[in-house]
Amino acid sequence: MLIPTWLSSAPALGEVLLLIKATNTKRKKLVIGNWKMHGDRQFNATLLSDILTRWNSENQVETVICPPYPYFQQVIELIGASPLVMGAQTISEHDSGAFTGEISGQMLSDWQCRYVIVGHNERRRMQHESDADVALKFLAVQRAGLIPVLCIGESLEQRESGNALEVIGAQLGHVINAAGIAAFENAVVAYEPVWAVGTGKTATPEQAQEVHAFIRSRLGSVSPRILYGGSVKAHNAAQLFQMPDIDGALLGGASLVAEEFVAICNAAN
Ligand code: PEP
């Protein structure tokens with residue numbers, strides 16, 4: 001990191017506080033809605049129109065929608081010049097070639113995606129994506145000039161046996177080894193305890209904060225945004241967002257309900 005000249009001699013406390021504030025400002029709150037394999041043309045049009053009608057124009061939160069690939073064109077047209085941006089739910093680790101059914105980073109970039117989720121637990125479990133696969137996808141996202149949203153999180157069994165931080169550290173470690181810590185300057189990490197995703201059970205703000213602080217400590221002086229994901233709803237979002245290391249949320253179910261989605265974005269503001 002470049003040290004500003006005003007910090008090269010012994011800094012006064014006020015100067016250090018200014019630097020901390022600058023770092024925090026960079027961590028603008030971020031809410032990402034992962035539609036998974038939900039929606040159709042009619043549903044998407046109604047949902048986006050409801051979200052944009054309810055949108056608070058003062059809201060400063062960065063907001064991303066990740067629709068299924070066939071609806072990219074529709075979503076890009078509907079979000080238009082609104083504050084919403086588009087992301088993707090996964091990516092191929094390859095840049096091009098004979099990989100039937102896969103979508104490359106360049107294609108996502110052509111479609112005006114800005115963020116790409118990698119390592120979602122549903123893909124780790126159901127598509128058998130390993131930590132090594134996830135690391136390759138993380139690299140592919142960055143090669144295309146896009147921002148990876150790296151999902152990591154422990155299962156219920158791993159939490160109950162006291163291994164949550166070890167598991168999360170190992171998942172993160174694979175990507176750090178492949179990409180280097182500096183790569184996280186342009187990345188987002190999403191802590192998603194598997195037991196909380198789509199189950200209605202949410203980690204308490206304290207449980208989530210403990211893991212977020214651990215992730216941040218593993219990344220040293222690089223301080224990416226770290227989102228919490230796992231049954232975030234309008235009624236529990238504000239408490240989670242008050243924690244010092246929680247920079248927003250990755251949403252599944254709540255991203256499909258306009259009222260919930262906008263209320264969560266308002267809570268992040
Ligand atoms: C998710 O799938 O990433 C997720 C957080 O889902 P839900 O909000 O429904 O728990």
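Order of listing sets the numbers, starting from 1, for every ligand and every atom in it. All figures in this text were calculated on a predicted structure; none of them were measured in a lab.
In terms of the salt bridge (Lys or Arg N to Asp or Glu O under 4.0 Å) criterion, residue partners of Asp131 (sequence neighbours excluded) are, by chain and number, Arg124. Under the rule for a salt bridge (Lys or Arg N to Asp or Glu O under 4.0 Å), the partners of Arg143 that lie at least two apart in sequence or sit in another chain are Asp95.
Sorted by first then second residue, the ring pair (Phe, Tyr, Trp, His ring centres under 6.0 Å) pairs that include residues 123-160, not counting sequence neighbours, are Phe138-Phe184.
At a cut-off of 3.5 Å, with distance as the only test, a side-chain donor of Glu154 or Trp195 sits close to an acceptor on the other residue.
At least one side-chain heavy atom of Asp247 sits under 4.5 Å from a side-chain heavy atom of Arg216.
Annotation for Glu102: atom CD counts as buried by contact number, over 12 foreign heavy atoms lying within 6.0 Å.
Listed by chain and number, residues touching ligand 1 at under 4.0 Å (heavy atoms only) are Lys36, His120, Glu192, Ala196, Val197, Gly198, Gly229, Gly230, Ser231, Leu250, Leu251, Gly252, Gly253.
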